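Reading through the structure tokens given below for one structure.
A quick note: this is a predicted structure, and the numbers were derived from the prediction, not measured. Below, chain A is the first sequence line, B the second, and so on; all start at residue 1.
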There are 2 protein chains.
Amino acid sequence: MFTIGQMARRTGVKIPTIRYYEQMGLMTAPERSQGNQRRYTKTELDRLGFIKHARDLGLSLDAIRDLIRLNAHPETPCAEADRIADEHLASVRDRIRRLQRLESELSRIASSCKAGTVKDCYVIRALSDHTLCEDDH
Amino acid sequence: MFTIGQMARRTGVKIPTIRYYEQMGLMTAPERSQGNQRRYTKTELDRLGFIKHARDLGLSLDAIRDLIRLNAHPETPCAEADRIADEHLASVRDRIRRLQRLESELSRIASSCKAGTVKDCYVIRALSDHTLCEDDH
DNA sequence: TCTTGAAGCTATAGTCGCTAGAGACATTAT
DNA sequence: ATAATGTCTCTAGCGACTATAGCTTCAAGA
């Protein structure tokens, strides 16, 4: 049996966040001590680890809830789990693409100002004037 | 003079968002018509365009507030504006790096499950078991 | 057994950057 | 004059937490 603090230390998930996951239905409400404190089993520790890992990979709580639900029914085909991972991968790739476009514009803007004062600052001019952009966003 | 709707159409910033920017002190409170509706000048239109552009580039409202403040004092050295753009660029690059690591792990996980049912699904196993990861996060 | 300090409890509010909705009032076109 | 559209304020909601207040419980040492 683990206290909530031990759960936090072992998984790296902060205590209020664990309680939040319980409230959001990602963690089932654990047993309680006589004094009403949460006492977790190994199974629950593992589930929290699963959630942590999936969060680190950027999955939404909704997606994680789906995966947990799938996991609870081991006979269902795993196509659905595949789909969730795939979908997320696509959105990650999209985010990378957009960030890279942004990076190239920003790096053109940043550190490029030779003027001494804001009056002629290229950074501010570039931000004011969209036509200075090399591609549209 | 522009109505809030014209401002929205010209900049692509939604009406409630414009009012929100006013509340947050990014836009100054504009003149009002006799019927208490907002009437904006060209200057204010330009500022909204500036904000939009900076937001599209991912700058926080705080950073934008700083830039606006700088812009209002044209004699200050522009090193500060440079710094804001630089800092933001660094954080964008960091986000790209992290997303790329994530992408490689996810693409390893996704679409790789040959099992028929969730019981042996690689996606779910990979998410449960951090040791399957190729690099640490 | 008592005490102390750390850890845990609930409940509520705040974060960021919007977005949506309700219900009332203003403006514009016909 | 009326209808259609636009705008007003106010409030609440989103996701995923984080912080605070004021309380109770637990574990270890004296």
- request: Pick base, sugar-phosphate or nothing for R55(B), based on heavy-atom distances below 4.0 Å to the nucleic acid.
  value: sugar-phosphate

statement: Heavy-atom nearest nucleotide on DNA chain D taken for L61(A) and for I15(B); more 5' hit belongs to I15(B)

Between [N] and [X], is there an OP1 or OP2 to side-chain N/O distance shorter than 4.0 Å?
X      : N       : answer
Y21(A) : dC17(D) : yes
R38(A) : dG8(C)  : no
T17(B) : dG17(C) : no

Taking [atom1] from [X] and [atom2] from [N], how many angstroms apart are they, rounded to a whole number?
X      : N       : atom1 : atom2 : answer
N36(B) : dT9(D)  : CG    : C1'   : 9 Å
R32(B) : dC8(D)  : CZ    : P     : 6 Å
M1(B)  : dG6(D)  : CE    : C1'   : 18 Å
R19(A) : dA19(D) : CZ    : P     : 13 Å
Q23(A) : dT10(C) : CD    : P     : 10 Å
Q37(B) : dT9(D)  : CD    : P     : 10 Å
Q6(B)  : dT28(C) : CD    : C1'   : 12 Å
I18(B) : dG6(D)  : CD1   : P     : 14 Å

Residue met sooner reading DNA chain C from 5', once S60(B) and G35(B) are mapped to nucleotides: S60(B)

- line: Contacts of S33(B) and D62(B) projected onto DNA chain C by closest heavy atom; the upstream (5') one is D62(B)

task: Check the pair F50(B), L45(B) against side-chain contact (heavy atoms from CB on, under 4.5 Å), reporting the backbone distance first and the verdict last.
output: CA-CA 9 Å; F50(B) 174 92; L45(B) 176 64; over 6 Å; no

query: Which nucleotide in the list dC9(C), dC18(C), dC8(D) gets nearest to the side chain of I4(A)?
result: dC9(C)

Can we say [X] and [Y] salt-bridge, meaning some charged N sits less than 4.0 Å from an Asp/Glu carboxylate O?
X      : Y      : answer
D62(A) : R65(A) : yes
E22(B) : R38(B) : yes
D66(A) : R69(A) : yes

task: Give a yes or no on whether the backbone of V13(B) and the side-chain of T17(B) come within a donor-acceptor separation of less than 3.5 Å.
output: no

